Amino acid sequence: MTEIRCYGCGAIIQSADTKKPGYVPESALSKEKILCQRCYKLMHYHQKMESHLTKDDFLHVLQTVGEKDCLVVYIVDLFDFNGSLVPGLMRHIGYNDVLVLANKRDILPKSLKEHRLNTWVRRQFKEYGIKPLDVVITSGKKNMNFDEIFDKINEYRHGRDVYVVGITNVGKSTFINRMLKNYSDASNLITTSEFPGTTLDLIKIPLDDHSSLYDTPGIMNEHQYTSVVDEKDLAYIMPQGEVKPMIYQLNDDQSIFFSGLARIDYTKGDKGNFICYFSRNMQIHRTKTEKADELFNRHKQLQVYGPASSMKEMKAYEFTLPEEKRDIVISGLGFICIHAPKGKIKVYVPEGIDVFMRESLI
Ligand code: GDP
């Protein structure tokens with residue numbers, strides 16, 4: 001019989017012993033792609049864990065981590081850096097050592113130098129008043145820099161426990177799966193342990209006889225686009241691979257639409273350069289501003305609408321651009337690098353979605 005391996009951890013699939021790696025019940029053996037029970041549980045674990053979590057539970061988790069002498073591994077999403085930060089994290093874990101993993105590097109253009117990205121992430125953290133011990137640029141999906149991460153965790157933890165924190169969707173479970181796949185010796189390492197004072201079960205991975213790595217639940221950022229669309233639209237807006245820059249030159253009476261999900265009006269300024277970084281699915285349309293309302297309401301062309309079905313349901317944010325280029329980030333959807341010195345723009349998004357202006361990433 002040919003050997004079948006779990007597509008999560010690579011263990012040889014077997015259904016004889018529930019306690020050994022690669023176990024699946026016999027009924028699941030006929031599936032085309034098989035995930036062992038351990039990986040299956042892990043993949044569905046975050047969803048289950050996070051759907052029961054209240055904001056109070058979450059604060060309690062952060063406080064408890066803050067009280068421990070441990071290393072905090074803080075995962076953020078490079079594609080929506082600002083939107084993926086944990087609100088109030090430093091208030092609670094300010095005295096802990098923090099190793100930042102800036103994930104989903106594979107979505108950003110390959111040409112971007114790792115060193116530049118790293119410096120940019122550090123500067124952004126500094127603006128938020130956070131000084132991590134170290135920053136590693138990574139991609140859980142592409143297994144990028146995992147040996148470095150593993151070595152740094154071991155170096156910085158000084159024998160202490162490790163707590164992994166991050167909001168929903170930054171890639172925590174993908175990270176944990178990778179760590180297990182790359183570094184567990186295929187013995188069944190995962191255990192669960194209860195988080196004090198809550199009903200939360202945490203995944204605990206023993207690191208040595210005295211210390212473990214704990215996975216903590218995150219909460220959703222309700223101000224990210226990814227939190228307000230249904231599953232079909234989520235697949236549409238989340239880039240599946242490297243984003244391709246789309247370059248537009250705009251005059252000050254022009255607008256661009258990002259499907260029916262967001263719109264930018266260039267209201268004042270000389271000819272400006274707008275480089276858009278979005279999922280390759282995104283339909284980007286340039287139009288005259290005077291025709292933009294009509295285009296939005298003519299539904300068919302823009303394809304995907306999200307929560308706002310008319311311009312009345314969109315909220316406008318105004319920005320004046322400086323001399324240098326800047327990114328306008330539509331949280332969870334993408335960003336636009338704009339060079340339009342002293343230009344003025346209006347960004348339309350559904351109520352509740354965050355829009356940021358920041359130092360340009362690229
Ligand atoms: P969690 O909610 O923090 O546990 O995040 P998950 O690990 O479930 O990942 C959320 C989504 O991001 C999933 O669709 C993953 O496939 C995807 N994802 C995770 N890591 C990466 C990465 O490095 N690159 C890309 N492109 N997607 C990733």
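When a residue number appears, it is its place in the shown sequence, counting from 1. In listed order, ligands and their atoms are each counted from 1. Here the structure is a predicted model, which is why all the values come from computation and not from measurement.
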Does the N or O separation between [X] and ligand 1 drop below 3.5 Å for any pair?
X      : answer
Gln240 : no
Thr174 : yes
Pro239 : no

Should you measure from each heavy atom of [X], which atoms of ligand 1 turn up under 4.0 Å away?
X      : answer
Thr168 : 2 (O)
Lys172 : 1 (P), 3 (O), 4 (O), 5 (O), 7 (O)
Ile167 : 3 (O)

Next item on the list: Answer side chain, backbone, both or neither: which part of Asn103 comes under 4.0 Å from ligand 1, heavy atoms only.
Entry: side chain
Next item on the list: Quick one: look at Ile107 and ligand 1, take heavy-atom pairs under 4.0 Å, and tell me if it's side chain, backbone, both or neither.
Entry: side chain
Got a salt bridge between [X] and [Y], using NZ or NE/NH1/NH2 to carboxylate O under 4.0 Å?
X      : Y      : answer
Lys142 : Asp106 : no
Arg122 : Asp134 : yes
Lys268 : Asp252 : no
Glu148 : Lys152 : yes

Item checked: Side chains of Asn281 and Gln240, donor plus acceptor under 3.5 Å ->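 On atom types as modelled, these side chains do not qualify, holding no pair under 3.5 Å.
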Note to self: What I want to check is whether the side chains of Asn177 and Thr174 have a donor and an acceptor closer together than 3.5 Å.
What the structure shows: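 Asn177 vs Thr174: no donor-acceptor pair found between side chains.
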Check: atom 23 (O) of ligand 1: which of Gly140, Gly241, Ala235, Gly218 has the nearest heavy atom?
Finding: Gly140
Margin query: I'd like the name of whichever of Lys141, Lys142, Lys104 reaches closest to atom 17 (C) of ligand 1 through any heavy atom.
Written below: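 Among Lys141, Lys142, Lys104, the closest heavy atom to atom 17 (C) of ligand 1 belongs to Lys104.
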Notebook entry, point to check: Nearest heavy-atom pair of Lys104 and Val170: which atoms, and what distance?
Noted result: CE-O, 3.7 Å
Notebook entry, point to check: At a 4.0 Å cut-off, with the gap strictly under it, does some heavy atom of Thr138 reach an atom of ligand 1?
Noted result: no
Margin query: Working to the nearest 0.5 angstrom, can you tell me the gap between Ile275 CD1 and Lys325 NZ?
Written below: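 The CD1 atom of Ile275 sits 6.5 Å away from the NZ atom of Lys325.
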